Every structure is written in C-alpha cells, then in structure tokens.
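Report on the following structure.
Throughout, a chain's letter reflects where its sequence line sits, starting with A, and its residues are numbered from 1. Model, not experiment: these values are computed from the prediction.
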2 protein chains.
Amino acid sequence: MTTIRDISRLAGVSVATVSRTMSNPDKVSPATREKVEAAIRETGYMPDMSARNFSTRKSKTIVVLVPDISNPFFSRVIRGIEHTAQRAGYSVLLGDTRGESEIEDAYASMVRARLADGVIQLNGRLPMENGAVADIPLVNACDCVEDAHIPKIQLDNAGAARAMTEYLISLGHKRIGVAKGPSESRLTQERLRGYREALEAAGLPFDESLVARGDFSASSGRHAATQLMALGKPPTALFCLSDEMAIGAMHSVWEMGLKVPNDISIVGFDDILFAEYCKPPLTTIRQPAEEFGSKAMGMLLSLLQGAHLAETNQHLPYEMVIRQSAGRPKA
Amino acid sequence: MTTIRDISRLAGVSVATVSRTMSNPDKVSPATREKVEAAIRETGYMPDMSARNFSTRKSKTIVVLVPDISNPFFSRVIRGIEHTAQRAGYSVLLGDTRGESEIEDAYASMVRARLADGVIQLNGRLPMENGAVADIPLVNACDCVEDAHIPKIQLDNAGAARAMTEYLISLGHKRIGVAKGPSESRLTQERLRGYREALEAAGLPFDESLVARGDFSASSGRHAATQLMALGKPPTALFCLSDEMAIGAMHSVWEMGLKVPNDISIVGFDDILFAEYCKPPLTTIRQPAEEFGSKAMGMLLSLLQGAHLAETNQHLPYEMVIRQSAGRPKA
DNA sequence: CGCAGAAATGTAACCGGTTACAGTCAGGCC
DNA sequence: GGCCTGACTGTAACCGGTTACATTTCTGCG
C-alpha cells in the first residue's frame, strides 16, 4: 500500500510537505505542490483515513439514533441528515435502537471510543445518564425532550395538535377520539395537551374513554379504531397521533363497512408520503421531515465546531394539510 | 484521556498484557487478568477504537449503498442488514446515493481509505469500474446484476412477475398493462421478461403500448395509470412493478371515479407495509425484505472472513399475496 | 551587500492501540 | 542439580498520518 512516505520519496520532499499539500495546499509553493500532486496521480495514492482520523482525533462520522428506520417519517429525516452530512464531509452511522436503551448506550459510547464525533437522536430516550453516557455532542430532533441542556429542534407539537383539534371542532365535531402513542412518550403528552387545550377552549368535556393507546404503528391504529368504534357512543372524528395509525384506523373503519369521512372523520399527524394516496386522502399535519434532518445536522456541525448551543431550542413550523378525510359529522 | 499505558501502569503490568486481557483473555493468567480488569473498572477505561482500527487495519464497519432510504422496501432491507451487523460487531454506514454514481464511487472508496471493510449495494449501479473502484468486498442484494463476479442475493424476479401475470390471466384478463421502472434497470427487464413469458405461454399478444414507463415511485405510478387509462382500449388489469407505483395507480384510478377491482385490477410488487392497508388491500408479490438484508450481511461477513463467494448467486423465495385489488374483468 | 522577517520546507515526536519476538519463570523429568 | 518445555509477560517496533518546532530559502529594503 502506498503511504505518505512513498509519496514524499517519489516527489523528493518531506512527509510534512505531502501532508500539507493535502490539507493546506496554500502553505506549499506551487512548484512543490505540483511535484507532490504528480506523485499522487502517478501512484493513485489515497490517504488512509483511518490513520488520519486516529491522528487528528476526529472521525468525521456521526451516529443517528432512530427507534425504527422503516418508519417512513424517520427515514425522511435521516435522508435530510445524510445529505447535509455528506456536504460537510461527514458520514452517518445508522443506529437502529429498536427502542432498547442498551443499544442506544452502545451507540452513544462510540463517541467516547472515537468512532463518531457526535450523535443525533430522533427519539427522546435517555442517553444522558449521568452515570454513563453524558457530555457528548448531541442534538435531539423531532421529539420533545425536557432536558434544557440538550440542543434540540422540534415542532410545536401541542400547537399543531391544538390546531388540528380546533379544525375538527370547527367542522362540528363534539366527540373526538384520539389514538395516541405510548403514554410515556413526550410526543404523545404534548400532542394530547394540545388536544385538551382545544377542547377546553371550546367548552367541550375531555372524555378519558375516547383516547385509545397505540404505539404510532399502523396496526396499533387499527386496534385503536376498533376499540373506539365499539363504544356505546362512538366518536364522530378520530385524531390519530401519527399517519401510520390513521392509515390503520381508516382500514379498520373500512372493514366495518363505514365510510370516511361520512361516517367518521379521521386525521393524522406527520404527512408521510402515503397520506396523500389514502382513500380518501388524509388530512394531517405536515412535519418538514427532511428539514428536521438537515437542521439537526447543521446544529450538530456547529456543536462540533465548538459552538455553545446549550439551551438551544429551535422550532420548525408545522402545516395543516387539509385533504378529504375529515368532514362534518352526521346529523 | 486514559490510555492503555495508564492501565498498564496502574495494574503493574505491560501494555501488551493489557491488550491481551482485552482481546485474548485466555492468554493471560487469571491473577493478572483480575488486576487489569480492576484497573479498567476503576478508571472506566474504554479503548480508543480508532487507534485499534488503525493498528489492526480493520474498521468493523460496512457501507450500504441505497438509492433512496425513504423507500419503504429499502428501509426494511437496511433494517435486516443493521441487525445482523450489530450482532457481529459491525456498524453500518449509510450511503444514500440518490442514484448518482459519483456518490456511489465516493462511498465505495471508503473501503480503500480503510473507513469501511466492505459494501452492500442495493441498487445495481456499477461501482465495479475497472478503472476505479474494484476489488473490494462487495455483495449485491435485491437487484439483479449480471456480473458473475459479484456475490449476490436476489429474488427470481422473472419467475415472480410471470406468476403474477399468470394469475391475472387466470382471472380472465387479456389486456394487462404494466407500469415499469426505469428501462435500463435490470429489475425492470427481468420482471418484464416474466410478464412476456406468461403472455406468450397463454398465447396472448405482447402490446408495447400497454407498458408505461415509471421509476418505481408512487407519483410515477399515478402517471402511468393515467396514461394507460387514456388509451382507446385501456387494459383491464395493471401490473405495477412496485407497490408504490401500484398505490399511485390506485389513487389515479380512484380520482377518475373508477373502482378497483371492478373497473380495473391493480397488482403490485414488494409487499410493503401499506399494501395491506390500501383500499382495497393490494394483491402483490412479497419480497422478504429483512431477510434480504440479513442474508446479504451474512454473505459479506463470510467474504470478510476470507471466504470465496465469487459466482455465488443466492435466491430468496417470493410469495404471492392475494388480497383484493385484482378480480375478474368486466364482461 | 547584508539583514530582518516571512515563507517554505524538513525533522521527528506523537496519537493509542497490536503484536513479533525475546525474556522470565515454574514444573517435570532424568 | 541441570535442562527442557510451555505458560506467561515484557520490550519495543509498527501502523500512517499530523504538526510543533527547527531550519533553510526567499524577499524586500536600507
């Protein structure tokens, strides 16, 4: 394998000069630079990045912690991360945690092991144990973590949920069901808060029995809908806290022989690709997924450049996407 | 930062012994091992993987080249890759190529730069230029590449397409449209071949005008359907070469006020999650996505252990998933 | 021409592991 | 006791870059 010393010999210069031609070309006189570049071309030399990383104590790699890559929302966020990482010369290591905190810890400790420079977490799990993984460059995206020390970028989840609920109320709905995510998830809590605020503002009662537990997956949305429709007095609208759940719910309702939105309105959250292709197309909240990714990566980059982002809490705007899955309740 | 030398000093042994306790514990006497382990525990020492990788000339990392992570089929394959990589102590670097071969090359050359040990490619692009990237541990999955030197794992795409076409014919369809992927894609070619074989076997003519070009995406499926339905004599069934296209096509048909499968049968390929949640649920070919990933990673692991897999061409079985989007043609 | 200071280049230490090879030591055997 | 063997441990070179610091070469100017 050709090394920097081979090049230096071939070009008749020192290794330092070769190294400089690669990283600080303007510190080298044009004549020498040309000699070195010729030698590099001639040999097809490619520097050993692993050696470079070792000696510079950087890895030019970041890890992204995601509970589930096959979730279409997350995969778009990752896409955004990847593209801006690429442009900045960083690689992204994928960390599918399956929600398990040991896996999360294992990935986070890659930073300590110098395999990665920083972490972007897409789920709000807690890699910030004081005992274990702390003090690593980290930014959180798409979730709502309370910890003020973690720079984060999020949606106004409560506001969005409130807006959506208000929209349903404005259509005339008074009994609005909710298919929520895991109760311990802050995302669920925030969106539920928005829902309750809207109810309250409209003078409608909050009925515990109208909220069904789910886990953001399509199948859980299906179950939630089945459960709520079996109620003595079923809701006239169903607010699913993720599009996947909404799609599952629409399916369940369809199986019962009911029509959306005539018999029941269903709305989602996320605006994944398939929301548009539902029958009827799904009314939902659009989250700028790619932008989440690229902004998060941007923040991480500044962190890595030494910026102090503690307390940073950037917000990205949501957008109501009114399609055809919600309408007026039946008389 | 604690290094192996700190540990050696603390434990009163040499660095070699410390190194050995970590990598070859049985080469070290129990007493010494205990001393070293105590020192490690005491300091919370974690070896610098970047140094280790540098000195062993391995990275314990592989890169996966994918044209588009947000494609739900690919993201499941990646999931499979990731899980078996994790178990084997490997990390996976994500390479979203957006179909651009320069990006592909850039990622592939990470192997030469010792940032990765091998590559799994999910799309059949050609990182095997004799001039540039060749001779790196590589396996291809989910695609059909012709190059015999690349170990690969694929579906019997032609067979699957043939089976699906035969199914449509058995329902009584005689004019079967196709929404294909990019024509230069081998995937398209193979599936199209299966389609033609089935037609031929049934004595049906192949009608060029019934095949519409797409790119596997939902929106291209939508266009394909629109184009085909505008024909003087539109097809009674539409075989979309990906589920995403099928979903787009169903949408387009729905917008025209037609019913699936009464007015037209639509079938897909892949069996992504949403296929089940379509209205009506989509008849399709199931590809074992996660298994593709784990098997491909398995092959790459044996390659990395020095096995010779050239000429290897593993096949994974497809499965016809008959749901409700295809029926008999209208009289 | 001589000299200061800047610019270009070279030398060698350093990053933190692994590992070839050498050395030590205990136990077994004659 | 002397010697051999094998188990264990230590020394130091090595991986291939970067970079602090020293040294040489250039410039411009009095």
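Atom CZ of A/Phe54 and atom C1' of C/dT18 are 11 Å apart (whole Å). In this structure, B/Asn53 places its CG atom 16 Å from C1' of D/dC14, rounding to the nearest Å. Look at CD1 on B/Ile4: it is 11 Å from P on C/dT19, rounded to the nearest Å. Summarising the geometry, the separation between CE on A/Met49 and C1' on D/dC15 is reported as 17 Å, rounded to the nearest angstrom. Put simply, CG on B/Asp48 is 17 Å from P on C/dC14, counting in whole angstrom units. To the nearest angstrom, P of D/dT18 lies 10 Å from CG of A/Asn24. Distance, B/Lys27 NZ to D/dC8 P: 9 Å, rounded to whole Å. Rounded to an integer number of Å, the gap from B/Leu115 CG to D/dC15 P is 19 Å.
Distance from the side chain of B/Ser29 is smallest to D/dT9 among D/dT9, D/dT18, C/dG16. Considering only the side chain of A/Thr3, D/dG16 comes nearest among D/dG16, D/dT9, C/dT18. Closest to the B/Ala51 side chain, of the nucleotides D/dG17, C/dG16, C/dA20, is C/dG16. Closest contact between the side chain of A/Ser14 and the listed nucleotides C/dT18, C/dG10, D/dT18 involves C/dG10. Checked against C/dC15, D/dT19, C/dT18, the side chain of B/Met22 finds its nearest nucleotide in C/dT18. Checking C/dG10, D/dG10, C/dG16 against every side-chain atom of B/Met1, the shortest atom distance belongs to C/dG16. The B/Ala16 side chain lies nearest to D/dT11 when the options are D/dT11, D/dT18, D/dG16.
A residue-by-residue look at A/Arg33 and A/Arg5 shows that A/Arg33 has its nearest nucleotide of DNA chain C further toward the 5' end. Mapped onto DNA chain D by nearest heavy atom, A/Arg20 and B/Arg114 fall at different nucleotides, with B/Arg114 at the one closer to the 5' end.
Within the structure, a side-chain polar atom (N or O) of B/Tyr45 is placed less than 4.0 Å from OP1 or OP2 of C/dG17. For the pair A/Arg52 and D/dG16, the criterion of a side-chain N or O lying under 4.0 Å from OP1 or OP2 is not met.
Contacts of B/Val15 with the nucleic acid, taken as non-hydrogen atoms under 4.0 Å apart, include base atoms. Backbone-only contact: B/Thr17 has heavy atoms under 4.0 Å from sugar-phosphate atoms and none from a base. Using a 4.0 Å heavy-atom distance criterion, A/Arg57 is classed as a sugar-phosphate-only contact. Using a 4.0 Å heavy-atom distance criterion, A/Val13 is classed as a sugar-phosphate-only contact.
Side chains of B/Gln86 and A/Arg98: a donor-acceptor N/O pair is present below 3.5 angstrom, by distance only.
The pair A/Asp68-B/Arg79 meets the salt-bridge criterion, since a charged nitrogen lies less than 4.0 angstrom from a carboxylate oxygen. No salt bridge links B/Lys58 with B/Asp117; every basic N to acidic carboxylate O contact stays at or beyond 4.0 Å.
The backbone N or O of A/Asp96 lies less than 3.5 Å from a partner atom in the side chain of B/Glu82, making a donor-acceptor pair.
Note: A/Phe292 and A/Phe73 have perpendicular aromatic rings, judged against thresholds of 30 and 60 degrees for the angle between ring planes.
In this structure the side chain of B/Ser91 never reaches within 4.5 angstrom of the side chain of B/Lys60, judged on heavy atoms.
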